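Notes for the one structure printed next.
The sequence lines fix the lettering, A, B, ..., with proteins before strands; numbering per chain opens at 1. Every value quoted in this text rests on a predicted model; they were computed, and no experiment measured them.
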2 protein chains.
Amino acid sequence: MSAKREKILESKARKSQEELMGAVTLENITSDPRSQTVPTPSLRRLPLYLRLLRDYQAQGRTVVSCTQLASDLRFDPTQVRKDLALTKVGGRPKVGYPIAELIAAIEDFLGWRRTIEAVLVGVGSLGTALLGYNFSLYGLSIVGAFDSAPDKVGQVVHGREIMPIGYLTNFIRQRGIPMGILTVPASAAQSVAEMMVAGGVKAIWNFTSAALQLPDHVLVERADFSASLAVLTRALAHGARSLAPTIPKKEVT
Amino acid sequence: MSAKREKILESKARKSQEELMGAVTLENITSDPRSQTVPTPSLRRLPLYLRLLRDYQAQGRTVVSCTQLASDLRFDPTQVRKDLALTKVGGRPKVGYPIAELIAAIEDFLGWRRTIEAVLVGVGSLGTALLGYNFSLYGLSIVGAFDSAPDKVGQVVHGREIMPIGYLTNFIRQRGIPMGILTVPASAAQSVAEMMVAGGVKAIWNFTSAALQLPDHVLVERADFSASLAVLTRALAHGARSLAPTIPKKEVT
DNA sequence: GATAAATCGCGAATAATTTCTCTATTGGAG
DNA sequence: CTCCAATAGAGAAATTATTCGCGATTTATC
């Protein structure tokens, strides 16, 4: 009897998290209410295809089969077909997909053909590296760099003068910047993120290990290394033996 | 009639890819033949819990409920429970999980309590940033840095002298280094990766956008930004409107 | 032209992951 | 000491993602 209430309570808790305050991390969410729901795993694979297609194009090829793509990426050909179907570009049997069209369609699909402006906060080693990165192929342009350290402010890093963090919110607001890149120490992440949100960013690319608590309408994408590293170290530490070729699941004795 | 043969052919193609040459990217593979199969998504979430648990511990707390963790991370409480169950650390009803124990168990599970040695190749801006990063909490130690540019060789970056790339394979072999970190330009990625494999690395942490073609026993984990960025830019470019608050998945009537 | 080989595309089946439901503990309040 | 609220845990159900099976289409070859 009281049992029933319990579940309801926990269910409620879940619901309200989701609906009232949950920052949409998309790590978490796999379906989304966008025009057509795009499987997140597919979305994350698209840049791989794009990269490969550019290679093929550089080699002078004009068409490619999904079999070829799959073999180069070690994916299942069907999966490649499904992913590419998202772009609405059709392939021709016995020939494949038109490379130039596919490239354009994927870029379009990902929003990489129009430039999104972003600010970066935290010009440490990683922030510096990102400032040096050319994101133009990814439709991204870092138009402002900020740091809280007085001795960094005023320095020019990769062509951008570092501004004091006090200017951040106004800078974002005045220029309507939709995206913030967080490369500060984890301890500062939450407060800097809040400044970004106060300025009106719609999305935050979070390179810190901190879990941000932000309003629902702000999209947060985690990009810190730990998730990726976890997969590697777990395998090396516990599964090293099974990385050897073709050892069956259970060692039979 | 001939139809039947066709499918068989494509099936065969898939099979042989997988069995004969596929580098295990773990992006791709979701179940794996290790001792117990660990869901990759869970594995990737564990560092998040770990990070949060350390925060709680720093605040002097000794136990935490999965409800609390879930609320901080905007996850489903059940999911947190399932993930934590991987560690075999049990929680007490009405109390929660013992923080110190959980931290130790997760670190153990991820292999972060023993140090894995790695070499890094490509001391550009990203490579430099990684060299400056302290990975000791992640059970990783970068013990050698390499670059092909003669003017970089001999320089000391974050306490490590850059070695010429010609030394790479022997360095790895002599010291039994199990892991290579790839931060070279994409065009050099394949050949450097092959040198790493020749030296005997078991795993490669690939920060380039290149799709590596390596033997089956080498674990390759992609860490380039494009996947993460794709999720963000797609949402900003196409889904901005749906980032508006509180649109429930299904409206209940 | 007819035939064969390669490949796309769709719908179904399978597998993996997440979420839900229910039960059993536990600690605290009356 | 009994009841209540919070929570873990285990199994079922739902959802999501991947893989398979088949028919249709296209190009090249004979």
Side-chain angles (χ1 to χ4, degrees), chain A residues 1-15 17-18 26-32 37-45 63-71 73-98 102, chain B residues 1-15 17-18 26-32 37-45 63-71 73-98 102 249-250:
Chain A
M1 303 127 191
S2 70
K4 235 167 226 167
R5 286 253 287 295
E6 288 158 21
K7 296 117 210 176
I8 291 168
L9 280 180
E10 192 161 283
S11 283
K12 278 260 164 55
R14 268 179 243 145
K15 280 280 157 47
Q17 276 162 225
E18 217 178 88
L26 284 218
E27 288 285 317
N28 194 12
I29 287 190
T30 42
S31 89
D32 69 39
T37 71
V38 178
T40 304
S42 296
L43 195 45
R44 296 175 63 93
R45 282 189 296 266
V63 291
V64 65
S65 71
C66 75
T67 319
Q68 175 71 54
L69 282 162
S71 139
L73 290 165
R74 277 72 196 267
F75 288 171
D76 185 288
T78 308
Q79 182 168 69
V80 176
R81 256 178 246 150
K82 281 255 157 75
D83 289 343
L84 296 186
L86 291 172
T87 67
K88 316 282 197 201
V89 174
R92 295 231 309 275
K94 186 79 182 200
V95 175
Y97 297 86
L102 249 194
Chain B
M1 300 116 195
S2 70
K4 233 168 227 166
R5 285 253 288 297
E6 287 158 21
K7 297 113 210 182
I8 291 166
L9 280 181
E10 191 161 284
S11 284
K12 278 258 164 56
R14 269 179 244 144
K15 279 281 156 48
Q17 276 161 227
E18 216 179 88
L26 284 218
E27 287 285 317
N28 196 11
I29 287 190
T30 42
S31 89
D32 68 39
T37 72
V38 177
T40 305
S42 296
L43 195 45
R44 297 176 62 94
R45 280 189 297 267
V63 290
V64 65
S65 70
C66 74
T67 319
Q68 175 72 55
L69 282 162
S71 139
L73 290 165
R74 276 76 197 263
F75 289 170
D76 184 289
T78 309
Q79 182 170 68
V80 176
R81 256 177 245 150
K82 282 252 157 76
D83 289 341
L84 297 185
L86 291 172
T87 66
K88 316 280 196 202
V89 174
R92 297 228 311 272
K94 188 79 180 198
V95 175
Y97 297 86
L102 251 194
K249 184 176 291 182
K250 255 184 277 181

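- Contact check for Val80(A) versus Leu73(A): no side-chain heavy atoms found under the 4.5 Å cut-off.
- Comparing dC20(D), dG9(C), dT18(D) against the side chain of Arg81(A) picks out dG9(C) as the nearest.
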Open item on the list: As a quick check of understanding, evaluate side-chain contact (heavy atoms from CB on, under 4.5 Å) for Phe75(B) and Arg45(B), giving each step before the final call.
Closed with: CA-CA 10 Å; Phe75(B) 289 170; Arg45(B) 280 189 297 267; 3.4 Å; yes
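- Note that CD of Gln79(A) is 12.0 Å distant from CG of Leu69(A), once rounded to the nearest 0.5 Å.
- For Tyr97(A), counting side-chain heavy atoms from C-beta on, the closest listed nucleotide (dT18(C), dC20(C), dC8(C)) is dC8(C).
- The NZ atom of Lys88(A) sits 14 Å away from the C1' atom of dC10(C) (whole-angstrom rounding).
- Taking atom CG of Leu43(A) as the reference point, atom P of dT18(D) lies 12 Å away to the nearest angstrom.
- Considering only the side chain of Pro93(A), dA6(C) comes nearest among dA6(C), dA17(D), dT27(D).
- Both Val95(A) and Lys82(A) sit near DNA chain C, but only Val95(A) has its closest nucleotide nearer the 5' end.
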Open item on the list: As a quick check of understanding, evaluate side-chain contact (heavy atoms from CB on, under 4.5 Å) for Thr87(A) and Leu102(A), giving each step before the final call.
Closed with: CA-CA 7 Å; Thr87(A) 67; Leu102(A) 249 194; 3.7 Å; yes
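- For the helix from dG1(C)-dC30(D) to dG30(C)-dC1(D), the rotation axes defined at the first and last 5 base pairs enclose an angle of 0°, given to the nearest 10°.
- Distance CG (Leu84(B)) to P (dA8(D)): 9 Å, rounded to an integer number of Å.
- When the nearest nucleotides of DNA chain D are assigned to Gly91(B) and Ser42(A) by heavy-atom distance, the more 5′-ward of the two goes with Gly91(B).
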Task: side-chain hydrogen bond (donor to acceptor under 3.5 Å, both in side chains) assessment of Arg81(B) paired with Thr78(B) - done: CA-CA 5 Å; Arg81(B) 256 177 245 150; Thr78(B) 309; 4.5 Å; no
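- Among the nucleotides dC20(D), dT26(D), dT19(C), the one closest to the side chain of Thr78(A) is dC20(D).
- When rounded to the nearest whole Å, the span between CG of Asp83(A) and P of dA17(D) equals 11 Å.
- Whole-Å rounding puts the Asp76(A) CG to dG9(C) P distance at 15 Å.
- In this view, Val63(A) and Val95(A) satisfy the side-chain contact (heavy atoms from CB on, under 4.5 Å) rule, not counting sequence neighbours.
- Nearest nucleotide to the Pro41(B) side chain, out of dT7(D), dT17(C), dC8(C): dT17(C).
- Going from atom CG of Leu73(A) over to atom P of dT19(D) covers 13 Å, rounded to whole Å.
- Between the P atom of dA17(D) and the CZ atom of Arg44(A) lies a distance of 12 Å, rounded to the nearest Å.
- Scanning both residues, Pro77(A) and Cys66(A), for their nearest heavy atoms gives O-SG, 3.7 Å.
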List every contact pair, protein side and nucleotides 28-30 of chain D side both N or O, where the distance is under 3.5 Å.
none

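- Look at Arg92(B) and you won't find any side-chain N or O under 4.0 angstrom from OP1 or OP2 of dT7(D).
- In terms of phosphate contacts, Arg45(A) brings no side-chain nitrogen or oxygen within less than 4.0 Å of OP1 or OP2 of dA17(D).
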TODO: May I have the step-by-step check of side-chain contact (heavy atoms from CB on, under 4.5 Å) for Leu84(B) and Val89(B), ending in yes or no?
DONE: CA-CA 7 Å; Leu84(B) 297 185; Val89(B) 174; over 6 Å; no
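- We find that CZ of Phe75(A) is positioned 15 Å from P of dA17(D), with the value rounded to whole Å.
- Between Lys94(A) atom NZ and Ser65(A) atom OG the span is 11.5 Å, to the nearest 0.5 Å.
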